[in-house]
S.K.: 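Please find one structure pasted underneath; my questions will follow.
Start at 1 with the first residue, then count along the sequence.
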Amino acid sequence: MVTETRETGSLIGSDKVEGTAVYGAGDTKIGSIERVMIDKITGKVSYAVLSFGGFLGMGGNLLPLPWGKLHYNTRFEAYELDIDDGELKRAPSFRADKDFDWGDRSQDVELHRYYGVPPYWGGF
């Protein structure tokens with residue numbers, strides 16, 4: 001019988017990332033990872049989609065985050081996002097009952113500029 005390992009010292013299965021808490025300033029939980037977006041060509045994780053707000057998972061917003069903006073904190077066994085509440089409220093987001101246009105490169109550029117991280121595809 002083969003046992004599937006879904007987490008090692010530095011690797012983790014996508015199913016274990018989904019649902020993981022995300023903490024912001026002041027060690028406050030701000031949401032959880034709804035899903036990850038992977039570049040089909042390079043295989044790199046490009047974005048985490050953060051779920052926040054709403055009640056019982058309904059009516060909330062989704063926040064696409066460049067993957068490089070998140071940092072794993074072993075103390076919390078969760079991810080951290082180093083922005084304050086005001087930045088979080090102004091961040092590009094979309095309603096949970098809609099979808100982000102992942103094919104629109106101008107939206108990708110806007111996200112990376114907002115967070116001040118280089119795009120996963122290189123350049124600005």
S.K.: Is any side-chain heavy atom of L63 closer than 4.5 Å to one of V49?
M.R.: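 Sidechains of L63 and V49: no contact.
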S.K.: Provide the closest heavy-atom pair for A21 versus A78 in the form atom of the first, atom of the second, distance.
M.R.: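 Answer, listing the atom of A21 first, then A78: O-CB, 3.3 Å.
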S.K.: Determine, stepwise, if the pair R75 / D27 fulfils salt bridge (charged side-chain N to carboxylate O under 4.0 Å, His left out).
M.R.: CA-CA 11 Å; R75 183 175 59 130; D27 296 341; 3.3 Å; yes
S.K.: When rounded to the nearest 0.5 angstrom, what distance separates CG in L88 from CD1 in I83?
M.R.: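 Spacing of CG (L88) from CD1 (I83) equals 4.5 Å.
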S.K.: Are the side chains of Y72 and E80 in touch, meaning some heavy atoms are under 4.5 Å apart?
M.R.: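 Y72 does not reach E80 side chain to side chain.
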S.K.: Of all residues at least two apart in sequence or in a different chain, which pass the side chain to side chain contact (heavy atoms under 4.5 Å, CB included) check with T42?
M.R.: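 Counting only residues at least two positions away or on another chain, T42 forms a side chain to side chain contact (heavy atoms under 4.5 Å, CB included) with D39, K44.
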S.K.: Quick one: side chain to side chain contact (heavy atoms under 4.5 Å, CB included) partners of V45, sequence neighbours excluded?
M.R.: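 Partners of V45 by the side chain to side chain contact (heavy atoms under 4.5 Å, CB included) criterion, ordered by chain and then number, come out as V36, I38, W67.
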S.K.: To the nearest 0.5 Å, how far apart are CD1 in I33 and OG in S14?
M.R.: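 Between I33 CD1 and S14 OG, I get 11.0 Å after rounding to 0.5 Å.
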S.K.: Do the charged groups of D108 and R113 touch, with an N to O distance under 4.0 Å?
M.R.: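 Here D108 does not pair with R113 in a salt bridge, since their nearest N and O are not under 4.0 Å apart.
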S.K.: When rounded to the nearest 0.5 angstrom, what distance separates CG in L50 from CG in N61?
M.R.: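 That separation rounds to 10.0 Å.
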S.K.: Rounded to the nearest 0.5 Å, what's the gap from OG on S46 to CG on L111? Could you check?
M.R.: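 CG of L111 is found 11.5 Å from OG of S46.
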S.K.: List the residues meeting side chain to side chain contact (heavy atoms under 4.5 Å, CB included) with E18, not counting sequence neighbours, and say none if there are none.
M.R.: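 Expected list: R35.
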S.K.: Which pair of heavy atoms, one from P64 and one from S93, lies closest together, and at what distance?
M.R.: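 Between these two residues, the closest heavy atoms are CD-CA, 4.1 Å.
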S.K.: Just jot down the salt bridge (Lys or Arg N to Asp or Glu O under 4.0 Å) partners of D82, sequence neighbours excluded, or say none.
M.R.: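 Once residues adjacent in sequence are excluded, the partners of D82 under the salt bridge (Lys or Arg N to Asp or Glu O under 4.0 Å) criterion are K69.
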S.K.: Supply the atom-to-atom distance F100 CZ to M37 CE, rounded to the nearest 0.5 angstrom.
M.R.: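 Here the interatomic distance stands at 9.5 Å.
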S.K.: Using salt bridge (Lys or Arg N to Asp or Glu O under 4.0 Å) as the criterion, list what pairs up with R90, not counting sequence neighbours.
M.R.: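 Residues passing salt bridge (Lys or Arg N to Asp or Glu O under 4.0 Å) with R90: none at all.
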S.K.: Is the shortest heavy-atom distance from the side chain of Y79 to the side chain of V22 under 4.5 Å?
M.R.: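 Yes - at least one pair of side-chain heavy atoms lies under 4.5 Å apart.
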S.K.: Looking only at non-hydrogen atoms, find the nearest pair between L70 and A48 and report the distance.
M.R.: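 What the structure gives for the nearest pair is CD1-CB, 3.5 Å.
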S.K.: Restricting to non-hydrogen atoms, name the atom on P66 and the atom on V117 that form the minimum distance, rounded to 0.1 Å.
M.R.: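 The pair with the smallest heavy-atom distance is CB-CG2, 3.6 Å.
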S.K.: Are the side chain of E87 and the backbone N or O of D84 linked by a donor-acceptor pair below 3.5 Å?
M.R.: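 Yes; at least one donor-acceptor contact below 3.5 Å.
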S.K.: Does anything in residues 12-50 form a ring pair (Phe, Tyr, Trp, His ring centres under 6.0 Å)? List the pairs, not counting sequence neighbours.
M.R.: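 Non-adjacent pairs meeting ring pair (Phe, Tyr, Trp, His ring centres under 6.0 Å): Y23-F76, Y47-W102, Y47-H112, Y47-Y120.
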S.K.: Rounded at 0.5 Å granularity, tell me how far CD1 in I30 sits from CZ in F52.
M.R.: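 If I round to the nearest 0.5 Å, the distance is 8.0 Å.
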S.K.: A91 and Y115: which non-hydrogen atoms are nearest, and at how many Å?
M.R.: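 Smallest interatomic distance, heavy atoms only, reads CB-OH, 3.3 Å.
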